[in-house]
Asks: 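If you scroll down you'll find the structure; I have some questions about it.
In the text below, chain A, chain B and the rest are named by the order of the sequence lines, each starting its count at 1. Remember, it's a predicted structure, so these values are computed and weren't measured experimentally.
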Number of protein chains: 2
Amino acid sequence: MATIKDLAARTGLSTATVSKYLNGFTLKERNALAIREAIAELKYRKNDIARSLKTSKSRAIGVLIPTLENPFYSAITSSIERTLMESGFSTIICSYYSELHAEREKIEFLLNKMVDGIIHFPLNRTVDYDILKQVDGTVPLVLVDRPIEGIECDVVMSDNVGAAFGAVERLIALGHRRIGIILGPDDQYSPALRLEGYRLAHEKHGLAVDPRLVVRGDYSMTSGRDLLFRLLDGENPPTAVFSTNYETTVGAMLGINERGISLPERLSFFGFDDFALSTVFRPRLSVVAQPVRLIGKTSAELLMRRVRGDLADFPLRVSLDAEILVRETIGPVAAE
Amino acid sequence: MATIKDLAARTGLSTATVSKYLNGFTLKERNALAIREAIAELKYRKNDIARSLKTSKSRAIGVLIPTLENPFYSAITSSIERTLMESGFSTIICSYYSELHAEREKIEFLLNKMVDGIIHFPLNRTVDYDILKQVDGTVPLVLVDRPIEGIECDVVMSDNVGAAFGAVERLIALGHRRIGIILGPDDQYSPALRLEGYRLAHEKHGLAVDPRLVVRGDYSMTSGRDLLFRLLDGENPPTAVFSTNYETTVGAMLGINERGISLPERLSFFGFDDFALSTVFRPRLSVVAQPVRLIGKTSAELLMRRVRGDLADFPLRVSLDAEILVRETIGPVAAE
DNA sequence: CGTCGAATGTTAATCGTTTAATGATGCGAG
DNA sequence: CTCGCATCATTAAACGATTAACATTCGACG
């Protein structure tokens with residue numbers, strides 16, 4: 001592969017001159033032309049690795065996510081990648097598949113690669129986040145979807161409280177007084193917030209929360225189905241159910257279809273996250289849609305700013321509004 | 001950030017010795033110990049960029065895909081990433097969003113980054129693939145999902161003909177004689193093969209193909225819905241419909257739900273690709289499931305082999321069997 | 001014409017590693 | 001005691017770019 005040295009030799013110029021030309025300095029037209037010719041003839045391709053070594057900027061960003069198999073993560077990642085690419089940065093993907101050790105291992109991995117910054121989707125677990133403190137001094141870090149206690153850095157997330165509040169309030173407005181909520185694990189971040197929104201909506205409308213209507217699982221599809229059944233099969237079942245993540249929503253719909261429960265006549269159902277599914281079901285699913293594109297774009301843009309040295313408002317906490325998409329699965333509470 | 005030089009200074013050894021230690025050579029225990037201590041104290045982190053420059057191996061693989069928003073691509077990508085990570089390689093994602101210029105631009109981009117290999121999902125278009133010939137000489141290239149004429153390289157794909165054949169044969173076995181097929185654009189690779197499978201199944205069973213039952217769109221969700229309607233609204237409509245990609249399948253199901261057509265009584269429906277959807281619909285969707293995990297794993301492993309210099313069987317063309325998942329949307333042809 | 005300053009080029013060191021070639025050290029055998 | 005051979009370490013030159021600091025060219029102007 002041709003190097004700058006080769007171009008220099010071919011044109012009779014020095015490597016410094018060629019390098020400058022390549023970096024946008026203007027030369028005498030004669031020389032510029034000669035270099036252009038040499039590039040074409042020798043099929044010169046610049047070596048970003050060498051450049052990175054010298055400048056200590058890799059123009060690569062590490063994105064650390066639980067998995068690409070979940071549309072929530074892959075949609076955000078997609079939008080991140082697109083935004084970074086527009087700034088000429090490449091995206092190094094690392095999934096950690098919710099494995100404990102993998103997360104810190106991969107942060108090391110990324111740091112070794114001299115990434116210029118990291119975007120991390122932490123899953124809330126009791127994990128040792130010292131490593132993130134190390135990141136702190138090294139490269140900018142943006143956390144997506146939730147903050148981590150003790151780590152001072154930018155965070156981009158959706159307004160979980162507001163999202164849940166909005167959905168539950170819609171249900172209350174339709175006359176529902178017994179609203180079940182399907183939540184995720186205690187040790188994750190968002191469930192508590194979504195529950196808080198649920199609570200606030202009740203409070204605002206002077207309703208008490210029946211703890212039996214608050215059920216928790218592991219945010220998986222099967223847990224969605226199982227918890228739905230638990231709610232429905234309890235004494236004094238809810239007239240509406242709010243599922244608070246994508247997987248449980250799919251699972252719950254599965255359960256609903258399985259039992260042939262007709263929505264919204266016999267039950268009102270509010271889901272979470274707006275991917276392919278919600279437009280396909282009949283009746284069309286009412287969901288809280290997190291602004292995935294925007295989350296991705298925002299975190300990438302924020303990181304770019306930090307990488308460029310713009311530390312204004314650090315640490316910034318961006319909370320993006322979710323959309324409440326009322327479609328066909330919620331309706332007035334069924335007459336007894 | 002501490003460098004090898006610092007470790008050397010701290011321990012009184014030479015950089016060469018430290019480097020060797022770091023690369024697994026054995027030293028006198030005394031020295032090894034000293035280095036380990038120094039690493040801890042100085043918080044040494046190896047610099048993969050410098051290493052790459054010297055060794056001309058980046059241990060990074062570029063993955064070029066149309067988009068991460070499509071579950072087919074993101075599932076394969078996920079599996080690629082996982083497999084590569086196991087070999088200590090990082091994955092650089094580049095989406096080209098089906099834009100013509102972006103594809104070649106991004107290949108350049110990846111080559112500049114000195115990736116050790118490229119996995120590419122080409123969309124079949126009349127695009128100038130000279131650039132891929134350049135790749136040829138530089139780093140190994142694995143094509144996923146389809147080959148490109150004139151480019152001699154490894155290809156991993158699913159058995160499109162067999163997949164379609166299998167699905168259509170199931171329908172024929174149920175007595176269907178008029179089977180509609182929803183295809184993608186002419187200039188993509190797989191539609192022709194899927195049609196071929198459809199044709200072969202007819203041929204085998206002595207059936208003629210009615211060209212009016214073969215409809216083409218752009219493989220989008222709306223095209224799925226529209227083409228379904230076109231088939232159903234034609235004179236002498238089909239008793240079964242086979243949709244040949246994920247988007248059109250979702251779109252067609254949307255249309256089916258919209259019209260309240262009951263499956264499989266009034267219509268048998270065979271879809272393509274097995275993502276979240278198919279398990280959620282009631283009745284459960286019968287689909288041809290491409291082995292996405294396996295496609296990802298296989299291409300990554302094959303690329304790793306090439307990167308390691310194992311050129312056995314080059315160029316290799318791997319065709320992976322799709323699974324025919326017969327579930328509830330197909331049934332015997334309706335009695336008139 | 002000589003001089004000066006802007007514009008254009010060059011020299012050479014450097015980024016943090018790796019690695020051939022070479023050097024030192026120690027140990028057993030004769 | 002010395003030779004020879006492993007074994008362990010070191011020297012120093014790369015890898016391909018960038019970039020201060022310095023050198024040259026050239027035209028304008030007094």
Side-chain angles (χ1 to χ4, degrees), chain A residues 1-36 38-39 42-60 88 90 108-116 138-139, chain B residues 1-36 38-39 42-60 88 90 108-116 138-139:
Chain A
M1 199 75 262
T3 72
I4 284 199
K5 206 184 273 179
D6 299 325
L7 294 181
R10 187 86 175 63
T11 57
L13 296 165
S14 73
T15 60
T17 307
V18 177
S19 169
K20 284 189 184 148
Y21 172 74
L22 259 19
N23 286 291
F25 285 64
T26 50
L27 313 186
K28 255 194 258 169
E29 187 47 30
R30 232 173 60 72
N31 290 336
L33 191 69
I35 295 181
R36 251 172 277 141
I39 289 181
L42 304 181
K43 293 182 191 302
Y44 169 77
R45 183 189 309 295
K46 75 170 188 276
N47 185 322
D48 279 339
I49 293 282
R51 182 178 215 280
S52 294
L53 176 57
K54 183 63 198 182
T55 62
S56 29
K57 324 222 126 299
S58 63
R59 297 185 78 74
S90 56
E108 292 274 6
F109 181 86
L110 289 173
L111 289 178
N112 288 349
K113 289 273 178 200
M114 283 185 54
V115 291
D116 291 342
T138 326
V139 295
Chain B
M1 199 77 260
T3 71
I4 285 198
K5 206 184 273 179
D6 299 326
L7 294 181
R10 187 87 174 61
T11 57
L13 296 165
S14 72
T15 60
T17 307
V18 177
S19 169
K20 286 192 182 141
Y21 172 75
L22 259 18
N23 287 289
F25 286 64
T26 51
L27 314 185
K28 257 195 261 171
E29 186 47 30
R30 231 174 60 72
N31 292 337
L33 191 69
I35 295 181
R36 251 171 278 141
I39 290 180
L42 304 181
K43 294 183 191 306
Y44 169 76
R45 181 189 311 293
K46 74 170 187 281
N47 185 323
D48 278 338
I49 293 281
R51 181 178 218 280
S52 295
L53 176 58
K54 185 62 199 179
T55 62
S56 28
K57 325 221 124 302
S58 62
R59 297 185 78 73
S90 55
E108 293 274 8
F109 181 86
L110 290 173
L111 289 179
N112 288 349
K113 289 272 177 201
M114 283 185 54
V115 292
D116 291 341
T138 326
V139 295

Asks: Please report, rounded to the nearest Å, how far the C1' atom of dT11(D) is from the CD1 atom of Ile4(B).
Replies: 15 Å

Asks: Rounded to the Å, how far apart are Leu7(B) CG and dT17(C) C1'?
Replies: 12 Å

Asks: Nearest whole angstrom, please: distance from the P of dT25(D) to the CZ of Arg30(A).
Replies: 13 Å

Asks: In whole angstrom, give the distance that lies between atom CZ of Phe25(B) and atom C1' of dT7(D).
Replies: 13 Å

Asks: Could you grab the distance from atom NZ of Lys54(A) to atom CG of Asn47(A), nearest 0.5 Å is fine?
Replies: 14.5 Å

Asks: Using whole Å, report how far CG of Leu22(A) lies from P of dG16(D).
Replies: 15 Å

Asks: So do Arg10(A) and Leu42(A) actually touch side chain to side chain, heavy atoms under 4.5 Å?
Replies: yes

Asks: Pick the nucleotide of DNA chain D nearest each of Thr15(B) and Thr26(B); which residue has the one closer to the 5' end?
Replies: Thr26(B)

Asks: Whether Glu29(A) and Arg36(A) form a salt bridge (side-chain N of Lys/Arg under 4.0 Å from carboxylate O of Asp/Glu) is what I want to check.
Replies: yes

Asks: Look at Asn47(A) and dC15(D) and indicate whether a side-chain polar atom (N or O) is within less than 4.0 Å of OP1 or OP2.
Replies: no

Asks: Expressed as a whole number of angstroms, how long is the span from Lys5(A):NZ to dA12(C):P?
Replies: 14 Å

Asks: Please work out if Asn31(A) contacts a base, only the sugar-phosphate, or nothing of the nucleic acid, heavy-atom cut-off 4.0 Å.
Replies: sugar-phosphate

Asks: Report the nucleotide, chosen from dT11(D), dG16(D), dA9(D), that has the shortest atom-to-atom distance to any side-chain atom of Leu27(B).
Replies: dA9(D)

Asks: Working to the nearest 0.5 angstrom, can you tell me the gap between Leu33(B) CG and Arg30(B) CZ?
Replies: 9.5 Å

Asks: Measuring to OP1 and OP2 of dA9(D), would you say a side-chain N or O of Ser14(B) lies under 4.0 angstrom away?
Replies: no

Asks: Can you check whether any acceptor in the base of dT10(D) is under 3.5 Å from a donor in the side chain of Lys20(B), or vice versa?
Replies: yes

Asks: Is Tyr21(B) near enough to dT10(D) that one of its side-chain N or O atoms lies under 4.0 angstrom from OP1 or OP2?
Replies: no

Asks: Could you tell me if the side chain of Thr17(B) sits less than 4.5 Å from the side chain of Thr11(B), heavy atoms only?
Replies: no

Asks: Suppose we call a contact any N or O donor and acceptor under 3.5 Å apart; does that hold for the side chain of Lys28(A) and the base of dT8(C)?
Replies: no

Asks: Just to confirm, is there a sub-4.0 Å distance from OP1 or OP2 of dT18(C) to any side-chain nitrogen or oxygen of Asn23(B)?
Replies: yes

Asks: In whole angstroms, how far is the P atom of dG16(C) from the CE atom of Met114(A)?
Replies: 8 Å

Asks: Just call it for Leu13(B): base, sugar-phosphate, or nothing, with non-hydrogen atoms closer than 4.0 Å on any strand.
Replies: sugar-phosphate

Asks: Over all strands shown, is Thr17(B) touching base, sugar-phosphate only, or nothing at heavy-atom distances under 4.0 angstrom?
Replies: base

Asks: Please report the distance, rounded to the nearest Å, between NZ in Lys57(A) and C1' in dA17(D).
Replies: 16 Å

Asks: Any base atoms under 4.0 Å from Ser19(B), or only sugar-phosphate, or nothing? Heavy atoms, all strands.
Replies: base

Asks: Just checking Leu53(A): base, sugar-phosphate only, or nothing, at a heavy-atom cut-off of under 4.0 Å?
Replies: base

Asks: In terms of side-chain heavy atoms, does Asn23(B) have a donor or acceptor partner in Arg51(B) at a distance below 3.5 Å?
Replies: yes

